[in-house]
Colleague: 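Pasting in a structure now, in structure tokens, and then I'll have a few things to ask.
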Amino acid sequence: MIAAIMQQIIFLAMALVFSRDFEYSYFRNLIQESKFSIYHITVKSFPFLLMISIMWAIVGLFIPYFQIDADVFNFPMLILVSLLTLASMFIGMLFSIAIPSQLKATELLMVISTPAFVLSGFTWPSLAFPDAISSVALFIPLTQFLSAFRKIAFYGGDISSIAPEINILVIIIFVTFITILLLLQLKIYRYRKNPKNSLMTAQD
């Protein structure tokens, strides 16, 4: 449940990262600082990485406080939490760049995050899903996290035992990051070439 909540929080927080700048016409000021998308992605991501790390640390305190019998304070779990965080951040950021409206970006991300409670196998066994739905569910970060979490926390698994989940999370991170990089660079190019038309397109 905590992981599902964290994914949803990260989605919604990152949905506002760039869409707010597009909507309030502040993006043209940002691109005056740098014309490279990697710079803006790094600057935007850093504060959220710090904030999310603190949130995970607080969440981790719940385990001993409620005396939950689960082995979660280990290196494989640290890798898993880090990958879930990055995958969720990049998905949220991708929607923020692709949809230059705060309301629309958050609404569409809610369409993903809300069914994730079911599709991830949290409330219903994923083996019972039709193949088409199971294939979609595989690329929801929470699905991979929950599968790997069970292996680590309750069966004492190590890095090798969660390799399939790690591989899919890495693929999600890589694909979304490259897409963000290219899409943001394209928007920067369009703004610098014709700021007025780009601004009107973003507002529409």
Side-chain angles (χ1 to χ4, degrees), residues 1-17 41-42 44-96 106 109-129 133-177 180:
M1 175 63 78
I2 291 175
I5 293 172
M6 286 293 293
Q7 178 184 257
Q8 188 161 345
I9 290 173
I10 296 171
F11 275 171
L12 297 180
M14 299 304 294
L16 306 178
V17 170
I41 293 169
T42 303
K44 291 284 190 179
S45 299
F46 187 71
F48 285 94
L49 284 172
L50 290 178
M51 179 182 67
I52 294 169
S53 298
I54 294 172
M55 290 173 63
W56 276 117
I58 294 172
V59 166
L61 296 176
F62 294 162
I63 305 298
Y65 180 79
F66 291 106
Q67 299 181 355
I68 299 173
D69 186 18
D71 183 19
V72 296
F73 298 106
N74 50 54
F75 182 69
M77 189 63 73
L78 176 63
I79 296 297
L80 185 60
V81 167
S82 300
L83 292 177
L84 172 68
T85 300
L86 290 175
S88 301
M89 283 182 62
F90 288 150
I91 290 174
M93 186 177 289
L94 177 59
F95 275 73
S96 180
T106 52
L109 277 171
M110 284 296 292
V111 171
I112 296 176
S113 60
T114 302
F117 284 91
V118 177
L119 297 181
S120 63
F122 174 73
T123 58
W124 192 262
S126 56
L127 293 176
F129 296 152
I133 297 178
S134 298
S135 299
V136 173
L138 285 176
F139 295 97
I140 297 175
L142 182 62
T143 303
Q144 303 305 322
F145 178 86
L146 291 178
S147 175
F149 180 88
R150 296 186 189 100
K151 294 178 182 179
I152 297 172
F154 302 113
Y155 302 112
D158 55 11
I159 290 291
S160 60
S161 65
I162 61 170
E165 290 84 358
I166 288 178
N167 290 337
I168 294 179
L169 285 172
V170 169
I171 290 172
I172 295 171
I173 292 169
F174 177 77
V175 171
T176 52
F177 178 75
I180 289 169

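Keep in mind that this is a model prediction, so the values were computed, not measured.
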Colleague: Excluding sequence neighbours, so at least two apart, what forms ring pair (Phe, Tyr, Trp, His ring centres under 6.0 Å) with Phe145?
Modeller: Phe149
Colleague: For Ile166 and Ile79, work out which heavy atoms get closest and say how close.
Modeller: CD1-CG2, 4.2 Å
Colleague: Show the nearest heavy-atom pair for residues Ala87 and Pro141, with the distance to one decimal.
Modeller: CB-CG, 3.8 Å
Colleague: Look at atom CZ of Phe48 and say whether more than 12 heavy atoms of other residues, nucleotides or ligands are closer to it than 6.0 Å.
Modeller: yes
Colleague: In Å, rounded to the nearest 0.5 Å, how long is the span from CG of Leu146 to NZ of Lys151?
Modeller: 12.0 Å
Colleague: Atom OG of Ser88 and atom CG of Leu83: how far apart are they, to the nearest 0.5 Å?
Modeller: 10.5 Å
Colleague: Looking at side-chain heavy atoms only, is the closest gap between Asp158 and Ser161 below 4.5 Å?
Modeller: yes
Colleague: Under the side chain to side chain contact (heavy atoms under 4.5 Å, CB included) rule, collect the residues that match up with Ile58, sequence neighbours excluded.
Modeller: Ile54, Phe62
Colleague: Could you grab the distance from atom CD1 of Ile162 to atom CG of Asn167, nearest 0.5 Å is fine?
Modeller: 10.0 Å
Colleague: Would you indicate whether Phe73, at its atom CZ, is surrounded by more than 12 heavy atoms from other residues, nucleotides or ligands within a distance under 6.0 Å?
Modeller: yes
Colleague: Between Gln7 and Ile140, is there a side-chain heavy-atom distance shorter than 4.5 Å?
Modeller: yes
Colleague: How about Met110 and Leu12: do any of their side-chain heavy atoms sit closer than 4.5 Å?
Modeller: yes
Colleague: Is there side-chain contact between Ile52 and Met89, with at least one heavy-atom pair below 4.5 Å?
Modeller: yes
Colleague: Just wondering, do Ile91 and Leu109 contact through their side chains at under 4.5 Å, heavy atoms?
Modeller: yes
Colleague: Please check this pair: side chain of Ser96 against backbone of Gly92, looking for a donor-acceptor N/O pair closer than 3.5 Å.
Modeller: no
Colleague: Side-chain contact test, heavy atoms from C-beta onward, threshold under 4.5 Å: evaluate it for Val81 versus Val72 and give yes or no.
Modeller: no
Colleague: Would you find a donor on one side and an acceptor on the other, under 3.5 Å apart, between the side chain of Ser147 and the backbone of Thr143?
Modeller: no
Colleague: Please round to the nearest 0.5 Å and tell me the distance separating atom CZ of Phe75 and atom CG of Leu80.
Modeller: 11.5 Å
Colleague: Rounded to the nearest 0.5 Å, what separates atom CD1 in Ile168 from atom CG in Leu138?
Modeller: 5.0 Å
Colleague: Thr176 and Ile173: which non-hydrogen atoms are nearest, and at how many Å?
Modeller: OG1-O, 3.1 Å
Colleague: Working to the nearest 0.5 angstrom, can you tell me the gap between Leu86 CG and Phe177 CZ?
Modeller: 10.5 Å
Colleague: Which residue pairs pass the salt bridge (Lys or Arg N to Asp or Glu O under 4.0 Å) test with at least one member in residues 44-68, sequence neighbours excluded?
Modeller: Asp21-Lys44
Colleague: Taking all non-hydrogen atoms of both residues into account, name the closest pair between Asp69 and Phe154 and its distance.
Modeller: O-CE2, 4.0 Å
